[in-house]
Number of protein chains: 2
Amino acid sequence: MLKISKKADYALMALQHIASVQFGDVTPGRVVNTKEIAEEYNIPLELLAKVLQTLAKNGMIDSHNGPKGGYLLARGARQITIAQILESIEGPLGITDCSHEKDGEFCMQREHCNIRTPLLKVQDSIYQLLSSMTLQDMLGGTPLITIQSPTAQGVTR
Amino acid sequence: MLKISKKADYALMALQHIASVQFGDVTPGRVVNTKEIAEEYNIPLELLAKVLQTLAKNGMIDSHNGPKGGYLLARGARQITIAQILESIEGPLGITDCSHEKDGEFCMQREHCNIRTPLLKVQDSIYQLLSSMTLQDMLGGTPLITIQSPTAQGVTR
DNA sequence: TCTTAGTCCGACCTATTTGATCGGAGATCA
DNA sequence: TGATCTCCGATCAAATAGGTCGGACTAAGA
């Protein structure tokens with residue numbers, strides 16, 4: 001449960017790769033094309049292409065057409081958060097269906113729903129976590145993220 | 001994205017309801033049956049029945065057969081965590097496919113996978129969050145949970 | 001003791017989502 | 001101008017989730 005999709009997985013891998021090439025020591029600034037990434041990580045080419053297109057459309061990467069074309073990060077690796085990447089691919093993050101209800105639409109249970117508020121809290125926490133982590137944090141092997149979640153004992157509010 | 005299933009939603013609602021009846025002021029200790037919950041929250045009866053059966057099988061609630069039968073919490077509301085409930089319904093929690101790979105099986109990308117480690121970290125954080133929250137925290141309206149996720153700046157390790 | 005209301009359990013169907021594929025149009029550079 | 005890219009939409013198949021059905025078993029109450 002709570003799984004993220006393969007597409008999102010691919011997006012993360014691809015961005016990590018692009019970032020590491022772009023800011024790496026070997027060939028800094030080099031443009032990376034779809035095929036290279038697909039072969040490196042055994043990702044179906046066409047699917048990866050779609051993922052990269054989506055990322056480009058959402059301003060995560062810049063695309064360059066024609067031969068010797070490919071992709072570059074649109075911003076620095078610190079300016080791209082994991083939350084942004086995931087939302088680019090999978091749409092707005094939401095634990096529950098009722099997270100982003102507009103206008104008149106609401107779930108069948110809304111009226112007597114007893115879990116909406118606490119779940120929205122959980123959702124916020126997860127969102128904050130994903131927003132606090134950037135592409136930069138995924139470079140260089142070991143990640144540095146940590147979290148403290150005090151049990152509900154008279155905290156905040 | 002990262003949505004939890006309707007079944008899990010129903011499970012949370014049902015447990016919250018059972019807990020609030022059982023420990024409430026009106027009719028403490030009363031047994032609650034499937035129909036009552038289904039009607040209260042507009043949940044399809046048969047589906048809810050399945051959910052409750054699963055919860056019973058996993059030791060979250062005790063079932064009582066026959067007329068005047070129904071369900072009771074198997075433990076105190078503080079002893080049941082959100083993580084336990086969700087896992088009862090949806091199986092082990094895992095952000096990525098490769099979270100619980102056994103033996104020889106591994107994803108196509110494993111070999112060069114560059115995002116496994118950081119994602120597992122994220123997963124741990126979420127799991128801790130869900131484990132720190134109990135059914136008790138969902139009673140009484142406003143939840144008290146909070147979270148602190150320091151950006152990756154020289155933390156832990 | 002018999003009936004009835006309830007749980008229990010498993011098989012089943014359907015709709016939605018996801019993963020993956022195909023084909024052509026437009027851009028760029030040698 | 002042709003080869004090599006990205007771009008974009010349409011499409012398909014498989015997996016999963018949501019929801020349904022029917023029957024067996026159990027226990028309380030008349």
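Computed from a predicted model, the values in this text were never measured in an experiment. Order of the sequence lines fixes the chain letters, A, B, ..., with proteins taken first and strands second; residue numbering starts at 1 for each chain.
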Take atom [atom1] of [X] and atom [atom2] of [N], then tell me their distance rounded to the nearest Å.
X	N	atom1	atom2	value
A/Asn65	C/dG26	CG	P	12 Å
B/Gln53	C/dG10	CD	C1'	10 Å
A/Ile89	C/dG19	CD1	P	11 Å
B/Tyr10	D/dA17	OH	P	14 Å
B/Glu39	C/dG6	CD	P	10 Å
B/Glu46	D/dG18	CD	P	16 Å
B/Lys50	D/dG19	NZ	P	12 Å
B/Leu48	C/dC9	CG	P	16 Å

Donor-acceptor pair, side chain of A/Gln123 and main chain of A/Gly94, under 3.5 angstrom: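 No.
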
Whether B/Asp137 side chain and B/Thr134 backbone form a donor-acceptor pair below 3.5 Å: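 Indeed, once roles are kept as given, a pair shorter than 3.5 Å links the two residues.
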
Where the side chain of [X] is defined as all heavy atoms beyond and including C-beta, which of [options] is the nearest nucleotide?
X	options	answer
B/Tyr71	C/dT4, C/dT7, D/dA3	C/dT7
A/Pro44	C/dA20, D/dT6, C/dG6	C/dA20
A/Leu47	D/dG19, C/dG19, D/dA10	C/dG19

Partners meeting side chain to side chain contact (heavy atoms under 4.5 Å, CB included) with B/Asp62 (sequence neighbours left out):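 In terms of side chain to side chain contact (heavy atoms under 4.5 Å, CB included), with neighbours along the sequence ignored, B/Asp62 is linked to B/His64, B/Ala74.
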
Any B/Thr34 side-chain N or O less than 4.0 Å from OP1/OP2 of C/dG6: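 Checking B/Thr34 against C/dG6: no side-chain N or O falls below 4.0 Å of OP1 or OP2.
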
Below 4.0 Å: OP1/OP2 of C/dT17 and any side-chain N or O of A/Ser5: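 Answer is no, no contact under 4.0 Å.
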
Residue pair A/Pro118 / B/Met133: nearest heavy atoms and the distance that separates them: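 That would be CB-CE, 3.8 Å.
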
Toward the 5' end of DNA chain C, by each residue's nearest nucleotide, A/Lys6 or A/Gly66: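 Its nearest nucleotide being more 5', the pick is A/Lys6.
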
Show me, pair by pair, the donor-acceptor contacts under 3.5 angstrom made by side chains of residues 18-31 of chain A, not counting sequence neighbours?
| from | atom 1 | to | atom 2 | distance (Å) |
| --- | --- | --- | --- | --- |
| A/Ser20 | OG | A/Gln16 | O | 3.4 |
| A/Ser20 | OG | A/His17 | O | 2.9 |
| A/Gln22 | OE1 | A/Leu73 | N | 3.0 |
| A/Thr27 | OG1 | A/Arg30 | NH1 | 3.2 |
| A/Arg30 | NH2 | A/Glu36 | OE1 | 2.6 |
| A/Arg30 | NH2 | A/Glu36 | OE2 | 2.6 |

